[in-house]
Amino acid sequence: MDTKYIFVTGGVVSSLGKGIISASIGKLLQARGYKVTIQKFDPYINIDPGTLNPYEHGECYVTVDGMETDLDLGHYERFTGIHTTRNNSITTGRIYKTVIDRERHGDYLGKTIQVVPHITDEIKRRMLREGLDEGLDFVITEVGGTIGDIESAPFMEAIRQLRWQLGRDAVCVHLTYVPYLKAAQELKTKPTQHSVKELQGMGIQPDILVLRTERHLDDHLRMKVASFCNVDLECVVQSEDMPSIYEVPVSMQQQGLDAAIMRKIGIPVGETPAMKPWRAFLDKQRHATREVKVALVGKYDLQDAYKSIRESLNLAGIYNDVKVKINFVNSENITHENVGEQLQDMAGVVVCPGFGTRGIEGKIIAAEYTRTHDIPTFGICLGMQMMVIEFARNVLGYKDANSSEMDTQTPHNVIDMMEEQKTITQMGGTMRLGAYECELVKGSRVYEAYGKETLIKERHRHRYEFNNAYQEEYEQQGMKCVGINPAANLVEIVEIPDKKWYIGTQFHPEYSSTVLHPHPLFMSFVQEVKR
């Protein structure tokens, strides 16, 4: 069949969960046997979120081909198992840059460049994924922000045009908020009505409404929304608060969201898929009662800043029949005097990634405490580098050891800038990004964790690396370099074999962990933590 297009927009307020709904739709269509991709269009003018502070936009997710993207792409991959690429993440900045570059090249033959049609045409081209031979049945496009934002107007105009061009091959799903007023003890639909009215004012009639709510909505209220918003009753579904985001696809299926989409597009609905692996996962989640405490040692006191790490720990916990209770420990507040108090009750510690000098000494102190007290420890990217620096200072005896990122004058730069990074001046999109190969040392703990694979491929986001000039000293003193990039001889993984579980990875394993395939290193870590 011809490719079908689903546009997911949001109204009233942001952070309603468009990404979760988009991922859920993708999962439900996959369960019906369709080939699906999901893409995110963000209205901000940054080329990508790579230079944004995590407090601005949460974590920066990295695709296999090295694109720095919005964290919603992590949801897409965790739910569906698909590998997203740079074609799945588009910003206003990228759209304008493409159009301006073409204008400078003379491609528009002297025409005046305008938002309509030039910007909207480029948006449409990306939405239709023109030039990509993928054989997709469905393309789900989530547009960031809310209806009425100035920045999103060109995207809405592009969707309006595509709805007319594609006819029944396109469907618009609009997510809105139904608040509960405690004083009046009433659920209010007026914000939804206004949001839909605003969307209609842009020339777009939503086909399906997803009502985000903290209280159950009865049929009378749904009928009221359907009547006022010109939407079929069966196309008004509710997204209630769930114990877990992974319950959302099943809730959407029970309400017939996927069936409503197919009917709108004109595809026979057929039988409802059983989704047995997904439901088996949910069953394990419901029956995991024992808690294990894991500390996240980082400097961003924001849940979304470490979203993929949190989800990877939760998924590994479920498959190990435990609930991972995550405690954030701000590394800026860690001292030699209080580190024991902050970490002594933890079954395991993750030393988090990041950039810059703020909070690094706290991470180093935490790494020393967990190493000397034999607490299972997982260092990721900068976290791994802090483990390496701590070892140099306290085992190798180089008290002034550091990373050249933090101290350009350090005489013992055990972490140093990669050679190819030394001539780069621009910040955005210039790090070592995307998936690279790593060869594992046989007999190591990571070799066992990966199921005795010798060659793996993991995603990176960094400029600084382990300094190979010190490798022999580390090996002699007990910290082994057990993962090496075969092309550049870069150290990717370190571990201390005589500890319970003390491993650092230069790459980001959290980007590759999905609901049905949790990452082997997180699985191994949680197995040790729950002992």
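In what follows, residues are counted from 1 in the order of the sequence shown. The shown structure was predicted, so the numbers you read here are calculated from the model rather than taken from an experiment.
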Quiz item: Would you call Asp321-Lys284 a salt bridge at under 4.0 Å N-O?
Solution: yes

Practice problem: List in chain and number order the residues that pass side-chain hydrogen bond (donor to acceptor under 3.5 Å, both in side chains) with Arg163, two or more places apart in sequence or in another chain; answer none if no residue qualifies. | Solution: Asp207

Quiz item: Yes or no on salt bridge (charged side-chain N to carboxylate O under 4.0 Å, His left out) for Arg129 and Glu134, after CA distance, side-chain angles and deciding distance?
Solution: CA-CA 9 Å; Arg129 298 176 76 85; Glu134 300 170 296; 2.7 Å; yes

Exercise. Output yes when Asp241 and Arg215 qualify as a salt bridge under the 4.0 Å nitrogen-oxygen rule, no when they do not.
Key: no

Quiz item: Side chains of Leu71 and Ser308: closer than 4.5 Å at any heavy-atom pair?
Solution: no

Quiz prompt | Ring geometry between Tyr5 and Phe7 (parallel below 30°, tilted from 30 to 60°, perpendicular above 60°) | solution = parallel

Exercise. With side chain to side chain donor-acceptor pair (under 3.5 Å) as the test, would you mind laying out the steps for Thr92 and Glu151 before giving the verdict?
Key: CA-CA 8 Å; Thr92 291; Glu151 298 93 337; over 6 Å; no

Quiz item: Do the ring planes of Phe522 and His519 sit parallel (below 30°), tilted (30 to 60°) or perpendicular (above 60°)?
Solution: perpendicular

Exercise. Would you name the heavy atoms of Val143 and Phe155 that are closest together and state the gap between them?
Key: CG1-CB, 4.1 Å

Quiz item: Could you give the distance from NE2 (His220) to CG (Leu187), rounded to the nearest 0.5 Å?
Solution: 11.5 Å

Quiz item: Which atom pair, heavy atoms only, marks the closest approach of Pro518 to Ser513?
Solution: CA-OG, 3.4 Å

Quiz item: Which atoms form the tightest heavy-atom contact between Ala295 and Leu343, and what is the distance?
Solution: CB-CD2, 3.9 Å

Self-check item: Where Pro376 and Val529 come nearest, the two heavy atoms and their spacing
Solution: CB-CG2, 4.1 Å

Quiz item: Taking the inter-plane angle between the rings of Phe281 and Tyr246 on a 0 to 90° scale, is it parallel (under 30°), tilted (30 to 60°) or perpendicular (over 60°)?
Solution: perpendicular

Exercise. State the OG-CD distance between Ser251 and Gln253, to the nearest 0.5 angstrom.
Key: 10.0 Å

Quiz item: With a 3.5 Å cut-off and no angle check, do the side chains of Ser244 and Arg286 form a donor-acceptor pair?
Solution: no

Quiz item: Judged by modelled atom types alone, do Gln39 and Thr141 share a side-chain donor-acceptor pair under 3.5 Å?
Solution: yes

Exercise. Fit a plane to each ring of Tyr300 and Tyr306, take the angle between them on a 0 to 90° scale, and name the class: parallel (under 30°), tilted (30 to 60°) or perpendicular (over 60°).
Key: tilted

Quiz item: Do Val231 and His174 touch side chain to side chain, with heavy atoms closer than 4.5 Å?
Solution: no

Quiz prompt | Minimal non-hydrogen separation, Pro43 against Gly144, with atom names | solution = CG-O, 3.4 Å

Exercise. Nearest 0.5 Å please: distance from the CG atom of Leu199 over to the CZ atom of Arg160.
Key: 12.0 Å

Exercise. Go through Val339 and Gln342 one step at a time and tell me if the side chain to side chain contact (heavy atoms under 4.5 Å, CB included) criterion holds.
Key: CA-CA 5 Å; Val339 63; Gln342 298 207 49; 5.8 Å; no

Can you list, pair by pair, the side-chain donor-acceptor contacts under 3.5 Å of residues 13-24, counting residues two or more places apart and other chains?
| residue | atom | partner | partner atom | Å |
| --- | --- | --- | --- | --- |
| Lys18 | NZ | Gly145 | O | 3.2 |
| Ser22 | OG | Lys18 | O | 2.8 |
| Ser24 | OG | Ile20 | O | 2.8 |

Quiz item: Between Thr505 and Glu458, does a side chain to side chain donor-acceptor pair (under 3.5 Å) hold up when you go through it step by step?
Solution: CA-CA 10 Å; Thr505 65; Glu458 295 284 2; over 6 Å; no

Practice problem: Check whether any side-chain heavy atom of Thr370 lies under 4.5 Å from a side-chain heavy atom of Val351, and answer yes or no. | Solution: no

Self-check item: Candidate pair Ile245 and Glu311, rule side chain to side chain contact (heavy atoms under 4.5 Å, CB included), full reasoning
Solution: CA-CA 10 Å; Ile245 58 173; Glu311 293 305 321; 4.2 Å; yes

Quiz item: Any side-chain donor-acceptor pair under 3.5 Å between Ser89 and Thr69?
Solution: no

Quiz item: Taking C-beta and beyond as the side chain, do Val225 and Val196 meet within less than 4.5 Å on heavy atoms?
Solution: no

Quiz item: Can you tell me how far CZ of Phe525 sits from CH2 of Trp501, rounded to the nearest 0.5 angstrom?
Solution: 6.5 Å

Practice problem: Provide the closest heavy-atom pair for Ile82 versus Val36 in the form atom of the first, atom of the second, distance. | Solution: CG2-O, 3.8 Å

Exercise. May I have all residue pairs that pass salt bridge (charged side-chain N to carboxylate O under 4.0 Å, His left out) and include part of residues 25-47, sequence neighbours excluded?
Key: Arg32-Asp258, Lys40-Asp42, Lys40-Asp70, Lys40-Asp72, Lys40-Glu142

Quiz prompt | Asp232: which of Arg263, Lys264, Arg222 passes salt bridge (Lys or Arg N to Asp or Glu O under 4.0 Å) | solution = Lys264

Exercise. Please test Glu157 against Ile123 for side chain to side chain contact (heavy atoms under 4.5 Å, CB included), starting from the C-alpha separation and ending with a verdict.
Key: CA-CA 10 Å; Glu157 172 60 18; Ile123 293 171; over 6 Å; no

Practice problem: Verify the distance criterion only: is there a donor paired with an acceptor across the side chains of Glu77 and Thr84 at less than 3.5 Å? | Solution: yes

Quiz prompt | Audit row: Arg310, Phe328, side chain to side chain contact (heavy atoms under 4.5 Å, CB included) steps and yes/no | solution = CA-CA 10 Å; Arg310 287 175 173 272; Phe328 177 76; 4.2 Å; yes

Quiz item: Any ion pair linking Glu186 and Lys188 (charged N to carboxylate O, less than 4.0 Å)?
Solution: yes

Exercise. Could you tell me the separation between the CZ atom of Arg358 and the NZ atom of Lys363, rounded to the nearest 0.5 Å?
Key: 9.5 Å

Quiz item: Do Met1 and Tyr34 come close enough that some side-chain heavy atom pair is under 4.5 Å?
Solution: yes

Exercise. Could you tell me the separation between the CG atom of Asn53 and the CG atom of Leu302, rounded to the nearest 0.5 Å?
Key: 9.0 Å

